Structures are given as structure tokens and as C-alpha cells.
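What you see is a predicted model, and the numbers here were worked out from it, not measured in a lab.
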Amino acid sequence: MNRIAGKKAGYVRYAPLWKRIVKYKALILMILPAVIFFAVFSYAPMYGVVLAFKDYSISKGIMGSEWVGLYYFNRLFASERFWQVCANTLIISCLKLFFGFFPPIIFALLLNEIRTKWFKKLTQTASYLPYFISWIVLAGIIK
């Protein structure tokens, strides 16, 4: 540790900040990409959370728009269709999780059991092709 013992017992004085930065510059440079990543993708988007409490106008921008507080939240929770919309959202999310999680795993396990190498590669290519080529381009290729 880069500490300097003081005159009093138990008192520890640290070296100046700039000396510690120079000493640990390699460690600081290694952690810098992670700090930038979190700043850009975690903290910067929180600026947009303010939009939930404003009557947003494109011409005025985020900070120039009128502050309305919890008006839109009160309107949402007071709606007679709120519970139906909430239930629909939860049902759709659970169904997407169920049908989007298990079938790909089952398909991968079944694909792993195929013995014929050319058929296995053909099936893998056919199943992954839509992720790399848009449906319009794929339809043009097939046509």
C-alpha cells in the first residue's frame, strides 16, 4: 500500500492522488474500458428516464419540455383496462420465454444426434440462415 505513517498512532496519510495515479497507471488503463462501457450503456440512458415525467415536445427538447410529474402514471393506474393490459403483458412474456427458450435447446440436442455429417451441416445452415440474411433477400435467393 502506498501509505505514509503519520506522527500519531493509528493515523495514516496517503500519498497525493497524482502520485498514486502515476504508480497505478497500468491498472487504471485496464479498468478504463469497463468504466466507459458502464458510463455509456448504464448511466447515460438514465437521462431519458426524465421523459416519463414530462410532456415531451420535440421542438423544446427533453429539458425544455413542461414538467408534469406523476400525471401519466396516475392516468395509467386509473385506467379501467390497466389490469387486463398488465395480465396480457405477463402472459405474452411468459409464453415468449417458454417457446423461445426450450425449443432451441431441444433442436440443438436433436441436431447433435444427427450422424450424417452433410445433412447436419445443411440443417445447421438452413436454421441459421434467417439470422444472417433478411427475409427479403432470402426470398429473392429462393425465387
Visitor: Check whether more than 12 heavy atoms from other residues, nucleotides or ligands sit under 6.0 Å from atom CD1 of I58, and answer yes or no.
Guide: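 Not buried by this count: 12 neighbours or fewer within 6.0 Å.
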Visitor: Give a yes or no on this: more than 12 heavy atoms of other residues, nucleotides or ligands lie within 6.0 Å of atom CH2 of W67.
Guide: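 More than 12 within 6.0 Å, yes.
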Visitor: Please check: side-chain N/O of T116 versus main-chain N/O of W118, any donor-acceptor pairing under 3.5 Å?
Guide: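 Flag not set: sc T116 to bb W118 has no pair under 3.5 Å.
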Visitor: Can any side-chain N or O of S127 pair as donor or acceptor with the backbone N or O of Q124 at less than 3.5 Å?
Guide: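 Yes.
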Visitor: As an exercise, state the distance from OG1 of T89 to CD of Q84, rounded to the nearest 0.5 Å.
Guide: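 Reported to 0.5 Å precision, the distance equals 9.5 Å.
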Visitor: Shared ILVMFWY cluster between W83 and L76, side chains joined below 4.5 angstrom?
Guide: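 Linked, W83 and L76 end up in one cluster.
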Visitor: Tell me every residue that passes side chain to side chain contact (heavy atoms under 4.5 Å, CB included) with L95, counting only those two or more places apart in sequence or in another chain.
Guide: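 Testing L95 for side chain to side chain contact (heavy atoms under 4.5 Å, CB included), a comparison that skips the adjacent residues, returns I91, F99.
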Visitor: Give me the other members of the hydrophobic cluster that I136 sits in, counting Ile, Leu, Val, Met, Phe, Trp and Tyr linked by side-chain heavy atoms under 4.5 Å, directly or via other members.
Guide: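 Result for I136 is none, singleton.
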Visitor: Please round to the nearest 0.5 Å and tell me the distance separating atom CZ of R81 and atom CG of N88.
Guide: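 Between atom CZ of R81 and atom CG of N88 there are 8.5 Å.
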Visitor: Counting only heavy atoms not in I141 (residues, nucleotides, ligands), do more than 12 fall under 6.0 Å from its CD1?
Guide: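 Yes, enclosed.
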Visitor: Can you confirm whether K121 is buried at NZ, in the sense that more than 12 heavy atoms of other residues, nucleotides or ligands lie under 6.0 Å from that atom?
Guide: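 No - once you tally the heavy atoms of other residues, nucleotides and ligands closer than 6.0 Å, there are 12 at most.
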Visitor: Under a 4.5 Å side-chain heavy-atom rule over Ile, Leu, Val, Met, Phe, Trp and Tyr, are F101 and L109 clustered together?
Guide: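 Cluster IDs for F101 and L109 match.
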Visitor: Of all residues at least two apart in sequence or in a different chain, which pass the side chain to side chain contact (heavy atoms under 4.5 Å, CB included) check with F77?
Guide: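 Once residues adjacent in sequence are excluded, the partners of F77 under the side chain to side chain contact (heavy atoms under 4.5 Å, CB included) criterion are F73, F82.
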Visitor: Can you measure from OG1 (T123) to CG (L111) and round to the nearest 0.5 angstrom?
Guide: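 It is 6.0 Å, given to the nearest 0.5 Å.
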Visitor: Could you work out, with side chain to side chain contact (heavy atoms under 4.5 Å, CB included) as the rule, every residue matching L110, not counting sequence neighbours?
Guide: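 Residues passing side chain to side chain contact (heavy atoms under 4.5 Å, CB included) with L110: I106.
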Visitor: Which residue pairs pass the side chain to side chain donor-acceptor pair (under 3.5 Å) test with at least one member in residues 90-115, sequence neighbours excluded?
Guide: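 For residues 90-115, and leaving out neighbouring residues, there are no side chain to side chain donor-acceptor pair (under 3.5 Å) pairs at all.
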Visitor: Would you say the side chain of K19 lies within less than 4.5 Å of the side chain of V22, judging by non-hydrogen atoms?
Guide: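 Counting from C-beta outward, V22 and K19 never come under 4.5 Å.
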Visitor: Quick check for you: to the nearest 0.5 Å, what is the distance between K117 atom NZ and L122 atom CG?
Guide: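 Separation between the atoms: 14.5 Å.
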Visitor: Can I get a per-line list of side-chain donor-acceptor pairs under 3.5 Å for residues 33-56, giving both atom names and the distance, sequence neighbours left out?
Guide:
unit_1, atom_1, unit_2, atom_2, d
K54, NZ, I62, O, 3.3
K54, NZ, S65, O, 3.3
D55, OD1, Y72, OH, 3.2

